[in-house]
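What follows is a short report on a single structure.
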Amino acid sequence: MTIFNRQEHQRKHYQREPQDFSPQECTTKVVVLGSGNPFPNPLRMGPSFAVIANGTPYFVDAGEGIWRSIARAVTHHPAVLEPVMTLENLRYLFLTHLHSDHTIGLPSFLLSPYKFNAPHAKEIYGPLGTSNLVEHVLKAYEVDIDAAWTRSGHNPMGWRANPHEFNVAGVIFEDDNVQVEAFRTQHAPLDNCWAYRFTTNDRVVVLGGDGRYNAGLVQAVMGADLYLADVVSENNLKHAPWGGELEDKVDAIKKYHLLPRDLLRIQKESGVKRVVTIHEQSFMPDDEYYREGLVDEIRGLGADFELFSSIDCDIY
Ligand SMILES: [Zn+2]
Ligand SMILES: [Zn+2]
């Protein structure tokens with residue numbers, strides 16, 4: 001099975017430039033650094049996001065390409081992001097779960113800023129297993145770390161990372177800019193998946209992570225201003241490259257991700273105002289593909305709320 005032949009998808013993907021859709025009156029912004037999933041779409045980096053509160057970025061997930069995508073986002077939105085995305089500010093990261101598509105950029109997040117003598121230790125929040133991951137990434141790169149530290153005189157704090165594991169829902173982080181609450185979600189077969197709800201001085205924004213419909217997700221999104229949601233097409237599931245009969249494909253995907261009808265249910269129960277799709281899986285055949293296909297499918301079910309299909313470097 002080849003996974004590198006979806007040229008038509010890729011050509012049609014770029015029908016617009018990244019945009020800033022955030023309400024102008026709000027200082028809290030969410031940057032989509034990676035709108036993709038494990039599929040190797042060269043135009044979508046792996047899942048990663050930044051919530052900007054009071055001029056400080058709080059990163060959520062570290063998918064493939066996070067470091068380069070930060071740079072690209074700054075070039076598209078210099079007025080908003082140049083003062084924010086400084087070496088000193090690359091500090092806080094929250095992992096929704098430990099699937100590799102959400103964490104494979106961790107070595108880059110930890111070590112690329114260090115190449116340029118970033119001054120601070122990183123603070124990494126995540127489920128059980130986060131300490132193991134952080135510790136072993138640093139161990140794996142000890143030759144590189146040692147060379148930069150001992151031979152170039154870089155600040156030794158710059159390569160360090162403090163893991164903060166948690167296993168109970170509730171407030172897991174708080175500072176002058178933001179309060180972060182974690183809500184347990186369900187994303188088979190992992191036991192430890194979390195949605196993050198950021199409350200700032202002017203917005204409540206929720207990064208749902210991957211997961212199926214579940215009570216924790218509804219709670220996380222309750223009354224929020226903005227929700228970034230992982231959604232999979234139901235209309236085009238027959239074209240999914242895995243599973244057997246259509247019924248098997250539906251059963252399989254329902255354990256991992258939201259179908260459009262699940263998203264509608266969450267929106268209805270939570271009253272969230274604005275929804276942005278991420279981690280999209282549309283499965284449209286090449287000759288029918290268009291980038292807004294999945295959100296049109298959601299609208300077709302009667303969605304009457306603000307709904308966006310994100311691309312990398314959009315701001316919401
Ligand atoms: Zn994922
Ligand atoms: Zn996942």
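When a ligand or atom number is given, it counts from 1 through the structure's own listing order.
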Q: Look at the N, O or S atoms of His187, main chain and side chain alike, and state whether any lies under 2.8 Å from the Zn ion (ligand 2).
A: yes

Q. For the residue pair His102 and His279, is the inter-centroid distance of their aromatic rings smaller than 6.0 Å?
A. yes

Q: Measuring from the Zn ion (ligand 1), name the closest N, O or S atom belonging to Asp210.
A: OD2

Q.
Please tell me whether Glu292 and Ser309 have a donor and an acceptor in their side chains that are separated by less than 3.5 angstrom.
A. no

Q) Are the aromatic rings of Phe49 and Phe59 close, with centres under 6.0 Å apart? A) no

Q.
So that I know where these two stand, are Tyr92 and Tyr125 an aromatic pair - ring centroids less than 6.0 Å apart?
A. no

Q | Degrees at the Zn ion (ligand 1) between the OD2 atom of Asp101 and the NE2 atom of His279, nearest 10° | A | 100°

Q) Considering only N, O or S atoms, which atom of His99 is nearest to the Zn ion (ligand 2)? A) ND1

